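Residue numbering restarts at 1 for every chain, and letters A, B, ... go by the order of the sequence lines. Everything quoted here is computed from the prediction, not taken from an experiment.
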2 protein chains.
Amino acid sequence: MSAFRSHMHAALAEARAAAKRGEVPVGAVVTRGNAVIARAGNRMRELRDPTAHAEMLAIRAACATLGSERLTDCDLWVTLEPCPACAGAIAAARIGRLYYGAADPKSGGVAQGPRVFDHPQAHWKPEVYSGIAEDEAAQLLKVFFAARRDQDPR
Amino acid sequence: MSAFRSHMHAALAEARAAAKRGEVPVGAVVTRGNAVIARAGNRMRELRDPTAHAEMLAIRAACATLGSERLTDCDLWVTLEPCPACAGAIAAARIGRLYYGAADPKSGGVAQGPRVFDHPQAHWKPEVYSGIAEDEAAQLLKVFFAARRDQDPR
């Protein structure tokens, strides 16, 4: 499997693991060259922390691993378009390239709504590649929310 | 001193403490009713964490204190206009009211640039009150950056 596919594959595995914990299935990995240096899935419910999105946790873990506040030579792979909070964190961390899977018309902050990187206030704009394994990423979310509606039809 | 003034006063104290640690002087407190339930200053350099903004740390501490992912009946007081990452976190935490001091034309994400709360993707828009003790908040930043320029004139 190419590195390109395998990194998004690792992010999808994190998303599936998140779903098993009852979290919205989103996963992320941070890579440097071909090496995965951090990986995370959503943990907002488990940690009772509204900022514990997959991207945020992966960025913080990567910074801890490298002992650096900057991830300039790193890339982020995430199964869903980042929200404004995560897009802001990506800019703050100086992530080089952002690869994401499904678009998020409801909560996205990159290609719609606030379009966080498209303002001078961002200071940093990663290269952005979208639509990578988007069907699989979107399907995970669809199945998760359908099951949740069945369990709690309010 | 009114509660209104005293909460921003506490945020300014956190900003001054941040400056003493060599951090950009921004401070934040989370209140519920008249009680301060969390307070923090910037710790990005100390923690080597680009997401360790005052608001983000205060929100996470408040959630930990209350054991809740939601801060619906809480308010956030911060000395500087939040960046897009923090504005996204404020929306995710369902903060009721946001009170901030100085505007941040360079990095702000509330009243300029991405205007995170002004898009349907935000799902939550706090009441926003700006300009509270803004002169003192702006002066702290001005003194900090002037001293840094003197120390490192590159």
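- Residue-level contacts of residues 52-61 of chain A with chain B, in order of numbering, are A:M56, A:I59, A:R60; threshold 4.5 Å between heavy atoms.
- Looking at B:A89, both its backbone and its side chain come within 4.5 Å of chain A, counting heavy atoms on both sides.
- A chain of hydrophobic side-chain contacts below 4.5 Å, direct or via other Ile, Leu, Val, Met, Phe, Trp or Tyr residues, connects B:F144 to B:L80.
- Taking chain A as the reference chain and counting heavy-atom pairs below 4.5 Å, the highest number among B:A62, B:A91, B:A122, B:A93 is found for B:A93.
- Per-residue counts of heavy-atom pairs under 4.5 Å with chain A were compared for B:R70, B:R115, B:E69; the largest is that of B:E69.
- Follow the hydrophobic side-chain contacts under 4.5 Å out from A:M8 and you reach A:Y129 in the same cluster.
- In the hydrophobic clustering of this structure, B:V110 groups with B:L141; members are Ile, Leu, Val, Met, Phe, Trp, Tyr whose side-chain heavy atoms approach within less than 4.5 Å, directly or through other members.
- Residues A:W77 and A:Y100 fall into different hydrophobic clusters, defined by Ile, Leu, Val, Met, Phe, Trp and Tyr side chains chained together at heavy-atom separations under 4.5 Å.
- The shortest distance between side-chain heavy atoms of A:K106 and B:Q121 does not fall below 4.5 Å.
- Linking ILVMFWY side-chain heavy atoms closer than 4.5 Å, directly or via other members, places A:I95 and A:V128 in a single hydrophobic cluster.
- Side chains of A:R48 and B:C63 form no contact here, defined as non-hydrogen atoms less than 4.5 Å apart.
- Of the atoms belonging to B:S68, it is backbone heavy atoms, and not side-chain ones, that fall under 4.5 Å from chain A.
- At least one side-chain heavy atom of A:S107 sits under 4.5 Å from a side-chain heavy atom of B:H123.
- Using non-hydrogen atoms only and a strict 4.5 Å limit, the part of residues 35-46 of chain B facing chain A consists of B:M44, B:R45.
- Comparing B:A85, B:G88, B:A64, B:P84 by heavy-atom pairs within less than 4.5 Å of chain A, the highest count is held by B:A85.
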